[in-house]
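In this text, all values refer to a predicted model and were calculated from it rather than measured experimentally. Atoms within each ligand, like the ligands themselves, are counted from 1 in listed order. Position 1 is the first residue of the sequence, and the numbers go up from there.
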Amino acid sequence: MKKKGWLVLALAVQLGLGLSWLFDWPLQLKQTLVQDGPYVFFKHGQDISAMWVCDGEKEQLQQAHNKMLAPRCGYDKPLQIGDRTEPLSQVKFTAPKLAALSDIHGQFSLLQDLLRQHGIIDREQNWAFGDGHLVIAGDVMDRGPGVTEILWFLYQLEQQAKTAGGQLHVLLGNHETMVLRGDLRYLHDKYRKVEQVLGSSYQHLYSADTVLGDWLRSRPVLVQVNDSVFVHAGLHPDYLALGLSMTEVNEHYRASLGLDKATVKQQPILEFLYGSLGPIWYRGYFRDKAAVGQAELGQLLQQLQAARVIVGHTSMDAIYSHQGGQVISLDSNIKKGASGELLLWQLPGMPDGEFMRGTLSGERLPLETYHKSADETD
Ligand code: ZN
């Protein structure tokens, strides 16, 4: 009888496990379904409309009251949508404290962890950096699955920073310019499904009539904060031959976003700005091709009235100093989703005037000089 009892128990356990699987499967299925949005469109006057993908299905809102959007799927905070964004004509800024990173490539939780560990945002993901400036040096889009969430998060963070007397600078990288002109080679598979469900190309979801498309089109390519020039990839000394101010470079980019390659090539200024020596692609601080030395770089910086250039785009395993401190590289390979760093300056408790790198575990370490050859990816 004892044996039979065990058998009954074993059967009951088997059945229980089977049943729990049966009851759990909707949850398991739900986790594999696409959640994304909102994609918000400006309509006539003050109206906006929005689309989401919830559990793999399209959801729509024809008109939002007072431009307030409650969360449904994707980005999980309520949004107050502003008017169309006026581009800032200001290009030089003074900041009492500074943080910077680049090449997030859709890694939303990693971005939040890094910013929270160093007090740039609080536990509710709100701006906690007071009058500090945070620079995101391009390439938020492509590769990873959290692009929509990151863009809305930054959209909100910019408003909060301004209210607190601080500033968020989101610079354009080559991947933003690629998406805006419909080059979708690096899109995460998730957004292919979003295109299908919403019946819309990804490019259209970031058209000039969308809130985020409009916001992206108002972003600069160059900013100077204190004595540092920030740019996604770098500035080759030939940049000076253009004879353009930083403001004019930003204006040229704004006017050209979305143009196809052939049109860009017909205009000499744009051909340089979008070329391999231009601000969103250049790698010559770290590579032999079109390399620039310390003396040349010194002259360039003198012309720019800056002490250093701070760039992303070329991936390394940490944030590093190069060229005798005239270059700092920010791209710490966040795109792989496993680690990343944040450049910090003048945060409470830091040595006066020294740049440091903040890690995911909250440590602050000195910048080291880079010696190995850089990764090939951007
Ligand atoms: Zn890049």
- Query: Can R219 be said to sit on top of W215's aromatic six-ring, NZ or CZ under 6.0 Å from centre and within 45° of the ring axis?
  - Reply: yes
- Message: Checking side-chain polar atoms at under 3.5 Å, does Q156 have a donor or acceptor matched by the opposite partner on N126?
- Response: no
- Query: Side-chain donor-acceptor pair under 3.5 Å between T314 and D331, yes or no?
  - Reply: no
- Task: Start with the C-alpha distance between L344 and H118, add both sets of side-chain angles, then the distance that settles side chain to side chain contact (heavy atoms under 4.5 Å, CB included), and finish with yes or no.
- Result: CA-CA 9 Å; L344 303 168; H118 295 279; 3.6 Å; yes
- Of all N/O/S atoms in H313, which lies nearest to the Zn ion (ligand 1)? ND1
- Task: Look at T314 and state whether any of its N, O or S atoms is less than 2.8 Å from the Zn ion (ligand 1).
- Result: no
- Mind checking whether the Zn ion (ligand 1) has an N, O or S of D139 under 2.8 Å? yes
